[in-house]
Amino acid sequence: MIILSVESSCDETAVAVTKDGREVLADEIYSQVDLHAVYGGVVPELASRSHIEVITRLAESALRKSGIKKSDIDAVAVTYAPGLIGALLVGLNFAKSVASALGVPLIPVHHIRGHIAANYIAYPELKPPFIALVVSGGHSLILDVQDYTRMRILGTTRDDAAGECFDKAARVIGIGYPGGAAVDVLAKSGDDMKYYLPRAKVDDNPLDFSFSGLKTAVINIAHNASQKGEELDKASLAASFSAAVSDSLIPRVMEAAKMTERDTIVCAGGVAANSRIREDLTKACSLAGKTLYLAPPKLCGDNGAMIGCQGYYEYLAGNIAKADLNAYATMDADDISF
Ligand code: KG4
Ligand code: ZN
């Protein structure tokens with residue numbers, strides 16, 4: 001089954017062509033990073049406009065590179081939630097038009113489910129059930145993935161997402177936007193014990209995270225240093241910060257696997273590219289005898305192939321949208337509606 005898939009939930013426009021879920025025939029991505037960098041964050045209106053400008057060209061290019069004809073497309077999959085509403089609507093309306101013109105089904109895909117599916121592309125043998133850690137610019141979640149389209153959120157952030165926190169730390173350290181990858185690189189030459197940073201615990205649910213205190217602590221360290229005229233050890237702050245994020249995530253994922261007696265752990269989302277998190281998770285899984293699947297860095301960030309892959313499984317589950325499908329800025333991955 002050939003699926004044309006569209007992703008436009010934030011600042012990447014992406015169109016892919018996939019076959020039977022896991023085979024990627026083309027995966028075109030246009031990143032708007034340069035457009036937003038000057039503002040230090042994504043400007044929603046600019047994001048929507050930029051999606052409009054490139055989406056048709058991207059789809060044409062994906063078709064050309066995949067070697068298929070329009071008439072070979074069996075369905076169109078699209079991210080419809082969660083994300084920036086204007087940005088989502090661009091991809092959604094484009095996908096609706098293509099599906100309607102070709103007379104093929106329209107498949108609604110939840111963005112977080114798509115991130116998880118990136119691992120199905122990379123690892124042909126991977127099948128649910130497993131525990132998934134999804135860490136991105138907008139989300140930090142631990143899920144019990146019972147089946148391709150059936151999952152339960154076990155833990156989530158009470159405030160900021162891990163990626164948001166990485167971006168804030170990068171800004172404070174002065175290494176640009178979006179700074180997650182830059183913090184990762186800088187951290188390698190730093191001392192992760194140099195700065196004390198909190199690892200927050202939250203009441204009620206031991207699997208929930210909180211990153212706002214960590215964010216404030218990084219800001220305070222930078223301000224204190226500047227007020228005292230001391231030089232900030234940027235590499236060590238990056239290393240101490242990365243360690244604090246990792247220490248907040250990994251024990252909870254391991255606890256989730258223990259609680260649910262799952263043998264497999266999957267890690268996905270933009271922040272899953274982080275080398276400290278990958279290293280710590282690898283060690284923890286090897287110690288606990290769990291099988292670990294880490295999304296390859298190329299498939300960690302937003303892309304169209306992951307939407308096509310999850311779209312295939314949504315289609316098999318009968319999740320097909322009508323022409324009045326709407327976009328939603330927020331929606332839980334385990335409680336989808338369309
Ligand atoms: O999944 P993604 O591309 O978009 C969302 O769905 O949000 O994630 C983007 C986030 C950004 O916050 C970015 O700084 C972060 O992922 N990121 C990283 C790394 N690479 C990207 N954070 C930490 N270490 C990295 N190597
Ligand atoms: Zn994402």
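First listed ligand is number 1; within each ligand, the first listed atom is number 1. We number each residue from 1, following the sequence as shown. Computed from a predicted structure; not experimentally measured.
- Put simply, part of His115 is less than 4.0 Å from ligand 1, judged by heavy atoms.
- Remark: aromatic rings of Tyr177 and Tyr39 are distant, center separation not under 6.0 Å.
- Salt bridge status for Asp159 with Lys215: absent, with no side-chain N to carboxylate O gap under 4.0 Å.
- Leu58 and Leu84 are not part of a single hydrophobic cluster, where members link through side-chain heavy atoms under 4.5 Å apart.
- For the pair Val109/Ser5, no side-chain contact is recorded, criterion being any heavy-atom separation below 4.5 Å from C-beta on.
- Between the side chains of Glu7 and Thr79, a donor-acceptor pair is found at a separation under 3.5 Å.
- To the nearest 10 degrees, the angle centred on the Zn ion (ligand 2) between NE2 in His115 and NE2 in His111 reads 100°.
- Within the 6.0 Å centre-distance limit, the rings of Tyr148 and Tyr120 are counted as a close aromatic pair.
- Heavy-atom proximity to atom 5 (C) of ligand 1, evaluated over Gly114, Ala295, Gly137, is greatest for Gly137.
- When the heavy-atom distances from atom 26 (N) of ligand 1 to Ile112, Asp184, Asp167 are ranked, the shortest goes to Asp184.
- Under a 4.0 Å heavy-atom criterion, His111 is in contact with ligand 1.
- You'll find the side chain of Lys188 reaches within 4.5 Å of the side chain of Ser275, heavy atoms only.
- Between Gly163 and ligand 1, at least one N/O pair is under 3.5 Å apart.
- When hydrogens are left out, the protein atom nearest atom 22 (N) of ligand 1 is Gly180 CA, 3.4 Å; that is the closest non-hydrogen contact.
- Using a cut-off of 4.0 Å between Lys/Arg side-chain N and Asp/Glu carboxylate O, Glu45 and Arg49 are scored as salt-bridged.
- Looking at ligand 1, you'll find an N or O of Asn274 within less than 3.5 Å of one of its N or O atoms.
- Among all non-hydrogen protein atoms, the one lying nearest atom 21 (C) of ligand 1 is Gly270 O, 3.4 Å.
- Contacts with ligand 1 closer than 4.0 Å are made by heavy atoms of both the backbone and the side chain of Val271.
- Remark: Thr156 OG1 to Arg158 CZ distance equals 9.0 Å, nearest 0.5 Å.
- Taking distance alone, with nitrogen or oxygen atoms compared against 3.5 Å, Pro178 stays at or beyond that limit from ligand 1.
- Below 4.0 Å from some heavy atom of Ser136 lie the following atoms of ligand 1, by number and element: 1 (O), 5 (C), 6 (O), 7 (O), 8 (O).
- Side chains of Asp144 and Thr260: no donor on one and acceptor on the other come within 3.5 Å.
- Of the N or O atoms in Gly138, one or more lie within a sub-3.5 Å distance of an N or O in ligand 1.
- The structure places CG of Asp233 at 10.0 Å from CD1 of Ile173, a figure rounded to the nearest 0.5 Å.
- Atoms of ligand 1 found under 4.0 Å from any heavy atom of Gly301 (numbered from 1 in listed order, with element): 3 (O).
- Asp302 contributes OD1 as its N, O or S atom closest to the Zn ion (ligand 2).
- Taking 4.0 Å as the cut-off, Ala181 counts as a neighbour of ligand 1 on heavy-atom distance.
- Nearest protein heavy-atom contact of atom 2 (P) of ligand 1 is Asp302 OD1, 3.6 Å.
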